[in-house]
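In what follows, chains carry the letters A, B, and so on, assigned in the order in which the sequence lines appear, proteins first and then strands, with residues in each chain numbered from 1. Just so you know, these numbers use all the heavy atoms, side chains as well, and skip hydrogens, waters and symmetry mates.
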Amino acid sequence: MNNDVDDLTPSQRQAVEHVDGPLLVLAGPGSGKTRVVTRRIAHLVGSGVPPREILAITFTNKAAGEMAERVEAVLPAARVWVSTFHRFCARLLRRHAAVVGLQSNYTILDTGDQRAALRRVMHALDLDPVHYSPNRLAWHISTAKNDLITAEAFARRYADGIGDHWQATVARVYPAYQQWLLDSNAVDFDDLLMHVAAMLAEHEELRGQLDERFRYVLVDEYQDTNSAQYQIVRALSQRHPNLCVTGDPDQSIYGWRGARIANILRFEQDYPAARVVRLEDNFRSTQAILRSADALIAHNTQRKAKRLITDNAEGAAVQLLRFPDSHHEAEGIARKIGEMVESGERTYNDVAIFYRVNSLSRQLKHALRRHRVPFQVAAGVAFYDRAEVKDMLGYLRLAYNPADRAAFLRVINSPLRGLGKTSQDRLVAWAQREGLDFIAAARRAKEVPKLSKRAISGFGKFARMIDDLSLADAGSIENLLTSIIERTAYTKRWEGSPVEKEQQQLANVQELVAAAKQFDTTFGDETSLEGFLEQACLAGETDSLDDSSGQVTLMTLHAAKGLEFPVVVIVGVEEGLLPHERSLRENDPSEIEEERRLLFVGMTRAQHHLMLTETGRRAMHGRDVMTIRSLFIQEIECETVECDEDSILPEWQQEQIAESLSQHRPAGEGPIEFDRKPLLMTAADLMNGTKKGIEIPQGFRAGMLVRHPRYGRGTVTLTDGFGARRTVTVRFEESDLTKTFHAAKSPLQPIGT
DNA sequence: CAGGCCGTGCTTTTT
DNA sequence: GCACGGCCTG
């Protein structure tokens, strides 16, 4: 056990050695916060605190995983509970489900299920989803839950048409949606927190027990806690307020999803006995970068005075690169990165590009591809978000919790069983009337009015299958999953298919089976469907970022929090983008402060070299507009560099090349294959080019090899007509089909020979 | 039941 | 200007 504190700064040491009583650690960027937290846990245990009395809470699975790993390294085999808020709440709720009216085998709905459920509920309330977008309603409900406003409270507050029509609508939908969840014995993500907060608030004895059980509570990224999380933490720290929170108000960037920066700002009022430790020494960035970031954040009022100090070198000045437009910007950045790497000064790994909105990444990706710069994008569809994986989980959920309506509706006709919308609606309506869950209704399908013979037998078979699966629950998860795949013949439609997408889907299903097997192995006799589902439902995006893959990393500013890179480029630092136009519209200074923090977070990711970019004009909402200089640019210290590159290809040509390259290889998936000849352009591109009166080197002609996204490779056998009426006839290799297309509209792509 | 067409609206994202 | 969702038709 490492209790040696010689390698710590005086303030780090203060935090590490603090044992009893509330502690606020204000940790600036790059100040070694995670290290301090883990070392403090080690110190607690070293001072005689039983590990099981320690609870460390983070926001993300990634953070929890890292912390657990580091605690394990210092304290092998210590049973410290390191968990995310949601997972912690899921466990508590599992144990005390009855307190909030659930059964312990409740299931967790993801956002997709949640939206589907909302649609159903709205349909039942005769609400038009075009006028009232389910997404927006979901957002309102989520906001209410984060603020611990229950459905009843909401309905009461906006009863009798008080409030605007949105509030009035939410007042109808929210309670109905909660009833749907309760009938499904299910919760959504926000419920996990809200139910636990309510449970702790209303059951003093239980709260007392848990307060006693978790005597030492640590909360990371405290500036990101919402009201529900705040209440939960408080409830666990009354009799034993050995609460240690770490965070940085200057890095609070999630106000829009309910985070309350006030929680950290008022910590000392909440706990007057609190000790406050500031970690101000920065081990990451150069002085030039820190000075600039510090100057920026100093313009905020919602903060705690805190400096950024470093012993690092002065380093290069922060640069503001000015480009005429976004094409030059993307091109200039790609070229610059290429040069840095070619000169041996940097590797691709060293570089990250941040942007305020995802849409800005498109041109960047194209430019990077053109310059043969390998890159990865931090985004992408999470593994557990893929339809086939969610279907598999749907079966598992149904086996575990037969009341789960969202799961039922998800898988009832997948794979296709001829149980379409009409049959489903009839069954659902009858189930509601009879007060049955959907599986029970399916079991008794012959009693449902107007159901076809086929539907009755289909529902019956489905119900029997789920019943069997529920009984089979005792075995391993892997076996259960395999038998689901067998009994449903789920993957049959894809087996041996030449379509790449279907092969991928097949692979995803197999990957889930592998994950189940892994889970079984890890937990041995302790393996449980409950545990596996919890892991799957609460797992976010799989760690798709690889810091050793030799690629430039692209991500939003939000995603950049907690990371660091030698070279950082932040693009589009312009009024309307950063600060974002929506933060300006309400003229609410606190929203602009959050935008400023966002830039601050981005800037402080840089270790050696920081560049911001700005353009003269940029397409916004499809319109080309003159750019206005960002408010923030005048607040920082930087050196302006005019980047007027005239040697780059004209815009239209770049676009076409980029388009075809992106067809060739979907963004962010795997390494770029350089040696394969890129596709030139699509037929539509060729025609559009012609229309613009620009000479195209080659149109379609007989004998040309082409690719169609649906039919695959083929050869042009015939061409006819001119201009918009030009047609191309292609014979496809795979299917031996011959098809004729309007050249201007077809997605045909010539393949470089 | 898929595919095409039209209308809309448009940060940020975890769990 | 583009992407997505809903609706309609072959």
Discussion item. Measuring from atom CD of A:Q505 to atom CD of A:E388, what distance do you get when rounded to the nearest 0.5 angstrom?
Written reply: 4.5 Å

Practice prompt. Can you tell me, in whole Å, how much space there is between the P of C:dC4 and that of B:dT13?
Written response: 15 Å

Fill in: Pairwise P distance for C:dG5 and B:dT12, with rounding to whole Å
15 Å

Nearest-Å distance for atom pair [atom1]/[atom2], residues [X] and [N]:
X	N	atom1	atom2	result
A:L598	B:dT12	CG	P	11 Å
A:Q251	B:dT14	CD	C1'	17 Å
A:Y355	B:dT13	OH	P	9 Å
A:Q114	B:dT15	CD	C1'	11 Å
A:R618	B:dC10	CZ	P	21 Å
A:W139	B:dT11	CH2	P	13 Å
A:R623	B:dC10	CZ	C1'	14 Å
A:I253	B:dT12	CD1	C1'	8 Å

Fill in: Heavy atoms of other groups near A:E69 CD, more than 12 under 6.0 Å
no

Worksheet item: Below 6.0 angstrom between ring centroids: does that apply to A:Y254 and A:H558?
Response: yes

Discussion item. Counting the benzene-type ring for Trp, do A:H580 and A:W256 have ring centres under 6.0 Å apart?
Written reply: no

So what does [X] hit on the nucleic acid, given a heavy-atom distance under 4.0 Å: a base, only sugar-phosphate, or nothing?
X	value
A:R356	base
A:E595	base
A:L416	sugar-phosphate

Discussion item. If the condition is salt bridge (charged side-chain N to carboxylate O under 4.0 Å, His left out), which residues does A:E66 pass it with, not counting sequence neighbours?
Written reply: none

Worksheet entry | A:R582 side-chain proximity, nearest of B:dT15, B:dT13, B:dC10 | B:dC10

Item to complete: Between B:dT13, B:dT15, B:dT11, spot the one nearest the side chain of A:F189, thanks.
Response: B:dT15

Are OP1 or OP2 of [N] and a side-chain N or O of [X] less than 4.0 angstrom apart?
X	N	value
A:N61	B:dT14	no
A:N358	B:dT12	yes
A:R136	B:dC10	yes
A:T111	B:dT15	no

Worksheet item: Would you call the rings of A:F189 and A:H86 parallel, tilted or perpendicular if under 30° counts as parallel and over 60° as perpendicular?
Response: perpendicular

Discussion item. Whether A:R94 engages the ring of A:Y106 as a cation-pi pair (distance to the six-membered ring centre under 6.0 angstrom, angle to the ring normal within 45°) should be assessed.
Written reply: yes

Discussion item. If stacking means aromatic ring centre less than 5.5 angstrom from the base's six-membered ring centre, planes under 30°, is A:H621 stacked on B:dC10?
Written reply: no

Item to complete: Please answer whether B:dT13 and A:Y254 are stacked, defined here as ring centres separated by less than 5.5 Å and planes angled under 30°.
Response: no

Worksheet item: Quick one: does A:Q229's side chain have a donor or acceptor within less than 3.5 Å of a partner on A:N226's backbone?
Response: yes

Practice prompt. Tell me whether B:dT12 sits syn or anti, counting syn as a glycosidic angle within 90° of 0.
Written response: anti

Short N/O separations, protein against nucleotides 3-6 of chain C, under 3.5 angstrom:
unit_1, atom_1, unit_2, atom_2, d
C:dG6, OP1, A:R119, NH1, 2.1
C:dG6, OP1, A:R119, NH2, 3.3

